[in-house]
Amino acid sequence: MTHDDIRAAIRSGLPFFGVTRQGQVMARYLPFGPVYRWKRNQMIPAPLQGEDLLWWLQASDDDPGEP
């Protein structure tokens with residue numbers, strides 16, 4: 001999935017599975033259920049959901065990373 005596809009899936013509430021630009025695996029298994037992210041060999045609910053999650057992804061894109 002492209003970055004835009006992931007953002008659209010988060011907004012739509014439909015199930016999806018994809019990898020963000022930062023390499024994070026994100027998924028939603030049930031319609032309108034929580035979005036999960038891969039962390040330490042398990043899928044855990046993302047700390048934010050909906051538009052807040054989209055804002056967090058955008059902020060991660062803007063992060064310059066390590067020098």
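The two atoms that bring Lys39 and Ile44 nearest to each other are CD-CD1, 3.6 Å, heavy atoms only. When every heavy atom of Met43 is checked against every heavy atom of Ala27, the shortest pair comes out as CE-CB, 3.8 Å. The minimum heavy-atom distance linking Met1 with Ala9 is given by the pair CE-CB, 4.1 Å. Among all heavy-atom pairs drawn from Leu54 and Arg7, the shortest one is O-NH1, 3.3 Å. Between Leu30 and Pro15, the shortest heavy-atom distance links the atoms C-CG, 4.1 Å.
In the displayed structure, Trp56 atom CH2 is contacted under 6.0 Å by more than 12 heavy atoms of other residues, nucleotides or ligands.
In terms of modelled atom types and a separation under 3.5 Å, the side chain of Arg37 and the main chain of Ala46 share no donor-acceptor contact.
Hydrophobic clustering (side-chain heavy atoms under 4.5 Å, transitive across Ile, Leu, Val, Met, Phe, Trp, Tyr) keeps Leu53 apart from Phe17. Criterion: ILVMFWY side-chain heavy atoms under 4.5 Å apart, direct or through other members. Under it, Phe16 and Trp38 are not part of a common hydrophobic cluster.
Atom CG of Leu57 and atom CD of Gln22 lie 6.5 Å apart (nearest 0.5 Å). Here the CD-CD distance, from Gln58 to Glu51, works out to 12.0 Å after rounding to the nearest 0.5 Å. Atom CE of Met26 sits about 5.0 Å away from atom CD1 of Ile10, to the nearest 0.5 Å.
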- Apply side chain to side chain contact (heavy atoms under 4.5 Å, CB included) to Val25 and Tyr36, showing your working. CA-CA 8 Å; Val25 176; Tyr36 292 86; over 6 Å; no
